[in-house]
S.K.: 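Quick one: the structure is below, and I'll ask about it shortly.
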Amino acid sequence: METTERHSGAEDAPRTVHLAVYDGLADWEAGHAIAELNGRGFRVRAVGAGPGPVTTMGGLRVLPDLTLGELRARDSALLILPGSAGWDGGGLAEFGRAARRFLDAGVPVAAICGAVAGLAREGLLDTRAHTGAAAPVLAATGYAGGAGYREADAVTDGDLITAGPTDQEAFAREILRRLEVFPPEVLEAWFRLYAESDASAYPLVAGA
């Protein structure tokens with residue numbers, strides 16, 4: 001059974017980030033985030049509904065490291081939920097329920113694109129500020145959180161990060177901020193470099 005123990009401090013927090021994987025996963029949406037995390041002291045592990053391989057939208061076959069049944073919030077620093085057409089109509093609801101367990105345990109969750117709608121269906125956006133593809137898209141889920149929708153590239157409200165489908169750099173920025181991967185000035189430069197192609201930010205990012 002899932003525990004709701006909270007981490008006692010940053011020094012005790014796990015250094016493993018879990019990436020949810022399922023058929024039709026939008027490869028690019030978590031790319032910036034997992035590349036930076038993997039290169040900066042975190043271990044990224046893929047978690048699937050079952051042990052078999054999944055095929056991403058780009059046609060890559062990914063073999064999960066563990067299953068949802070083996071996933072424990074206490075062993076994780078963060079759960080990343082990328083988009084997929086599988087979220088439409090609640091097809092990936094078991095991942096939404098996993099997100100609820102993480103949030104109940106005080107462990108952050110980051111969702112982008114269709115995964116945001118999945119969390120809306122799970123009721124996780126009803127009382128949290130959030131963003132997504134568009135307000136009407138989330139309204140179509142029948143959720144009760146419309147007042148919390150923000151017109152922004154990405155939104156962090158406590159332990160929940162949300163982003164729209166075209167904002168993978170902002171999605172990564174909020175993940176890297178939440179896990180304190182970069183000092184603020186380096187994170188700001190990182191975002192300018194990748195989201196705005198600002199070459200003047202490169203020396204600061206490279207120096208980090």
Side-chain angles (χ1 to χ4, degrees), residues 7-21 25-47 56-63 65 73 75-84 99 102-103 106-116 119 128-134 149-208:
H7 301 316
S8 59
E11 68 280 1
D12 300 321
R15 301 290 288 180
T16 298
V17 169
H18 289 93
L19 172 70
V21 297
L25 178 153
D27 310 59
W28 62 94
E29 290 179 343
H32 281 295
I34 63 174
E36 293 293 352
L37 291 168
N38 187 61
R40 298 181 186 276
F42 286 86
R43 178 188 187 197
V44 179
R45 300 190 73 198
V47 55
T56 71
M57 194 177 295
L60 297 177
R61 284 169 61 83
V62 177
L63 187 65
D65 296 302
D75 300 326
S76 186
L78 177 114
L79 174 64
I80 300 176
L81 300 171
S84 166
F102 267 59
L103 292 171
V107 181
V109 172
I112 185 170
C113 191
V116 179
L119 298 194
R128 294 177 171 94
H130 58 277
T131 191
Y149 185 85
R150 304 288 183 264
E151 290 289 351
D153 53 9
V155 171
T156 298
D157 186 348
D159 289 325
L160 181 65
I161 296 167
T162 52
T166 60
D167 296 302
Q168 59 267 26
E169 295 94 351
F171 185 56
R173 178 195 65 206
E174 295 307 298
I175 290 171
L176 298 174
R177 190 198 316 276
R178 183 65 176 78
L179 296 182
E180 300 180 348
V181 173
F182 292 129
E185 67 277 7
V186 175
L187 182 60
E188 188 271 338
W190 182 93
F191 185 74
R192 286 192 290 111
L193 177 63
Y194 287 102
E196 302 168 7
S197 299
D198 182 354
S200 70
Y202 176 76
L204 184 55
V205 175

S.K.: Do I80 and V17 have side chains that get closer than 4.5 Å, going by heavy atoms?
M.R.: yes
S.K.: So do the side chains of F42 and L78 get within less than 4.5 Å of each other, counting heavy atoms only?
M.R.: no
S.K.: Could you give the distance from SG (C113) to CG (L81), rounded to the nearest 0.5 Å?
M.R.: 12.0 Å
S.K.: Would you compute the distance between atom CZ of F171 and atom CD1 of I112 and round it to the nearest 0.5 angstrom?
M.R.: 5.0 Å
S.K.: For a quick test of your reading: what N or O donor-acceptor pairs under 3.5 Å do the side chains of residues 27-37 make, sequence neighbours left out?
M.R.:
unit_1, atom_1, unit_2, atom_2, d
D27, OD1, T56, OG1, 3.2
D27, OD1, M57, N, 3.4
D27, OD1, G58, N, 2.8
D27, OD2, T56, OG1, 2.5
E29, OE1, G83, N, 2.7
E36, OE1, R40, NE, 2.9
E36, OE2, W190, NE1, 2.8

S.K.: List the atom of R150, the atom of V155, and the distance in Å for their closest heavy-atom pair.
M.R.: CB-CG2, 3.9 Å
S.K.: Which atoms form the tightest heavy-atom contact between D65 and R45, and what is the distance?
M.R.: OD2-CA, 3.3 Å
S.K.: Rounded to the nearest 0.5 Å, what separates atom CZ in R178 from atom CG in D159?
M.R.: 4.5 Å
S.K.: Considering all heavy atoms of both residues, which atom of L119 and which atom of A99 are nearest to each other, and what is their separation?
M.R.: CD2-CB, 3.7 Å
S.K.: Find the distance between CG (L204) and CD (E185) and round it off to the nearest 0.5 Å.
M.R.: 6.5 Å
S.K.: Can you name the salt bridge (Lys or Arg N to Asp or Glu O under 4.0 Å) partners of R192, sequence neighbours left out?
M.R.: E188, D198
S.K.: Output the distance between atom CD (E169) and atom CG (L193), rounded to the nearest 0.5 Å.
M.R.: 10.0 Å
S.K.: Any idea which heavy atoms bring P165 and A133 closest together, and the distance?
M.R.: CD-CA, 3.5 Å
S.K.: Please name the pair of heavy atoms, one in P82 and one in A115, separated by the smallest distance, quoted to 0.1 Å.
M.R.: O-CB, 3.5 Å
S.K.: What's the spacing between L187 CG and I175 CD1 if we round to 0.5 Å?
M.R.: 11.5 Å
S.K.: Kindly give the heavy-atom pair with the smallest separation between H18 and V47, and that separation in Å.
M.R.: CB-CG1, 4.3 Å
S.K.: Who pairs with D153 by salt bridge (Lys or Arg N to Asp or Glu O under 4.0 Å), at least two apart in sequence or on another chain?
M.R.: R173
S.K.: Yes or no on side chain to side chain contact (heavy atoms under 4.5 Å, CB included) for V107 and L79, after CA distance, side-chain angles and deciding distance?
M.R.: CA-CA 8 Å; V107 181; L79 174 64; over 6 Å; no
S.K.: Check whether any side-chain heavy atom of D75 lies under 4.5 Å from a side-chain heavy atom of T16, and answer yes or no.
M.R.: no
S.K.: Apply side chain to side chain contact (heavy atoms under 4.5 Å, CB included) to the pair D167 and T131, showing each step before the final yes or no.
M.R.: CA-CA 11 Å; D167 296 302; T131 191; over 6 Å; no
